[in-house]
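What follows is a single structure, written as structure tokens, with notes after it.
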There are 2 protein chains.
Amino acid sequence: MGRGTASRVLNDSPHVSPAARDAVLAAVAELGYVPNRAARSLVTRRTDTVVLVVSEPEERVFGEPYFAGIVRGIGERLAEAGLQLVLTMAGAAGGHERAAAYLTEQHVDGVLLLSLHAEDPLPSLLEARGVPTVCGGSPATSRPAYLVDIDNLAGGRSAVDHLVATGRRRLAVLAGPQDMSSGRDRLVGALDAAEAAGIDRAEVAVAVGDYSEESGRRAMAEVLAAGPPPDGVFAASDLMAVGALRVLREAGLDVPTDVGLVGFDDAAVCRHTDPELTSVRQPVARMGRVMVEVLLGRIAGREVPPDTVLQTRLVVRGSTAR
Amino acid sequence: MGRGTASRVLNDSPHVSPAARDAVLAAVAELGYVPNRAARSLVTRRTDTVVLVVSEPEERVFGEPYFAGIVRGIGERLAEAGLQLVLTMAGAAGGHERAAAYLTEQHVDGVLLLSLHAEDPLPSLLEARGVPTVCGGSPATSRPAYLVDIDNLAGGRSAVDHLVATGRRRLAVLAGPQDMSSGRDRLVGALDAAEAAGIDRAEVAVAVGDYSEESGRRAMAEVLAAGPPPDGVFAASDLMAVGALRVLREAGLDVPTDVGLVGFDDAAVCRHTDPELTSVRQPVARMGRVMVEVLLGRIAGREVPPDTVLQTRLVVRGSTAR
DNA sequence: GTGACGGATGGGAGCGCTCCCACGCTGACG
DNA sequence: CGTCAGCGTGGGAGCGCTCCCATCCGTCAC
């Protein structure tokens, strides 16, 4: 029995007689044979491996529910396709160089990029190297070639629309990082909605954070220190909203009576706060799946849509009750 | 210039003249040459890649601060050694089979196993295949060949010692999963300490959870439903303590006045609760580093200690104040 | 009975790299 | 001046696999 036949069986290609197939499988079982992936990759030029690069430090990645959702979606879809996921956190110093080196050494079929900040060299570097790449979310200043994102503009709008609809007029926005389109768009959407409701953009108090709970606390404190307390607050992430909730309470303001509070993500934490948190749900798991879908298309050389935008949905809970 | 010389330069082996080295490096820079890792692996039989398998679903891994700490330690130490980390979550259905297949296909130099439950076939399978493996924590029933763990027995003891020292006598333990040694030992340690303080083991209320916040709520509710409320509660994880805190408050019991509460992990969340949470600190990042250290030793064929036990330290905060 | 056809099979070639051997050159020593 | 040691270098061999071509055998039509 030649190597050719064995190879055919293991890659279940046609034109193999049942007898030969059985013989090969029996031999494989008996010898505990496991094909050498390096050798296979060397000739097929594929690795059946996809890497996810998150440009944040480990603490952030593991602390924020947003990432868990995305990774789940990615992992599920990749498993269906029979591919392995390599997770890399390139937040720390030197992480980027190491990631770039790894990625270009031709042992991944494609790359998923998450949480891109401004001036990240990775997308263009990878494109230049010919590694198929799909981004989840984009930096504020540039637009990656293949992008899956949620409609942050509409999400921000829906949050403020709701605050206004429940009678709030003195608004504050605790914005996310302004070097990411998600941070910027949520803010812009919120301001658009305020304006549409007849509120001057300049009258909306804005403080910038980085999506973390700690930054939410800081931003909320900043807003309270700067002027009269708002009666409606939109935080760009649930974690920031949780931080804000604490600061508001410490300042003697009741949520939702004195202040309506809206978060973003619709993470599990929303149901654990008191009151429960109204939030803009983003379909994180689906976003992960779609990213993989687009990437698989690119790897296969198929024509794929360069941009995919997923919609958000407002989930109303106690923190904005009237 | 022959391939041999080029190879020598790229692997910076000695016996290369400076002139040849410069020439090679110049050529590399000019051509944008990147060595093919598959080809290298094929001949060296090394991949410079280590995989971390966490036997939990994604949600858990990303939700629990414990994992973030371990991964940080692992990532740091691995980066120092110039190795890549592949993160695999094998919690979902079929995850184990896929992981096992991947791991045995000879593209990882070693495996780190985390959160092993009883009857996990992975450790013995990998040993049989000759893949160097190091476990972080062990299942309740078996003992992996190479193990890095924290002293859960002493940790559980220190928690109850402290409760007793602050005058609590009616104790409850919200235990972790009993198919893991960490869950079992923390409970046993706690009961040992109770007994040492003259409290009958049988009088300590015990409810079992799985380290999650939700399970902490359930376990606390179970204890409250079963008899008179305790005045001292030891939860096997901080997340469980947070859940318990909520249930205690809803039951009209004040922490720390009516009930003293101790968690385990000393996660960031301890400082975010009200009152702040007394907790048993476990050196998670260091545990990650040590796991890598042992694994690197095994990969290099060095003699390494089969067992390493790291000590815990009680951090006292408001939740046990008197 | 013979020729043509098609599916199954065996094996050569080669993927890109490292390993190692052999060779050439230089410098020191007899 | 010849010889030998030793560093640098070039290139053959081979890692384990897939691809593809040539071959073989069984089948069917004429």
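Quick note on labels: first sequence line is chain A, next is B, and so on, each numbered from 1.
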Worksheet entry | Nearest to side-chain heavy atoms of A:Val16, which nucleotide of C:dT9, C:dG16, D:dC17 |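 When the side chain of A:Val16 is considered, C:dT9 is the closest of C:dT9, C:dG16, D:dC17.
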
Discussion item. Here's a test for you: under side chain to side chain donor-acceptor pair (under 3.5 Å), which of B:Glu64, B:Arg60, B:Glu56 qualifies with B:Ser115?
Written reply: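 Exactly one pass, corresponding to B:Glu56.
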
Practice prompt. Using the salt bridge (Lys or Arg N to Asp or Glu O under 4.0 Å) rule, pick out the option among B:Glu293, B:Glu127, B:Glu303 that qualifies with B:Arg298.
Written response: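 The residue from B:Glu293, B:Glu127, B:Glu303 that satisfies salt bridge (Lys or Arg N to Asp or Glu O under 4.0 Å) with B:Arg298 turns out to be B:Glu127.
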
Item to complete: Would you sort out whether B:Met180 and B:His117 count as a side chain to side chain contact (heavy atoms under 4.5 Å, CB included), showing the intermediate values?
Response: CA-CA 5 Å; B:Met180 299 205 265; B:His117 292 260; 3.8 Å; yes

Item to complete: To the nearest 0.5 Å, tell me how far A:Leu113 CG sits from A:Ser138 OG.
Response: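 That separation rounds to 11.5 Å.
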
Worksheet item: Can you tell me if the side-chain N/O atoms of B:Thr5 get under 4.0 Å from OP1 or OP2 in D:dT9?
Response: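 For D:dT9, OP1/OP2 do not have a side-chain N/O of B:Thr5 under 4.0 Å.
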
Discussion item. Is it the case that over 12 heavy atoms from other parts of the model lie below 6.0 angstrom from the CZ atom of B:Arg21?
Written reply: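 More than 12 heavy atoms, drawn from other residues, nucleotides or ligands, come within 6.0 Å of this atom.
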
Item to complete: Give the intermediate values and the outcome of salt bridge (Lys or Arg N to Asp or Glu O under 4.0 Å) for residues B:Arg40 and B:Asp48.
Response: CA-CA 11 Å; B:Arg40 171 179 289 176; B:Asp48 294 328; 5.4 Å; no

Item to complete: With a 4.0 Å heavy-atom cut-off, tell me which residues in residues 38-47 of chain B come close to DNA chain D, sorted by residue number.
Response: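 Result for residues 38-47 of chain B: B:Leu42, B:Val43, B:Arg45, sorted by number.
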
Item to complete: Between B:Ser7 and A:Ala20, just flag the one whose closest nucleotide in DNA chain C comes earlier from the 5' side.
Response: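 The answer here is A:Ala20.
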
For [X] and [N], give me the distance from atom [atom1] to atom [atom2], rounded to whole Å.
X       : N      : atom1 : atom2 : result
A:Asn36 : D:dC15 : CG    : C1'   : 8 Å
B:Arg37 : C:dT18 : CZ    : C1'   : 15 Å
B:Leu10 : D:dT9  : CG    : C1'   : 15 Å

Worksheet item: For DNA chain D, whose closest nucleotide is more 5', that of A:Arg8 or that of A:Tyr33?
Response: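 On the 5' side of the pair lies A:Tyr33.
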
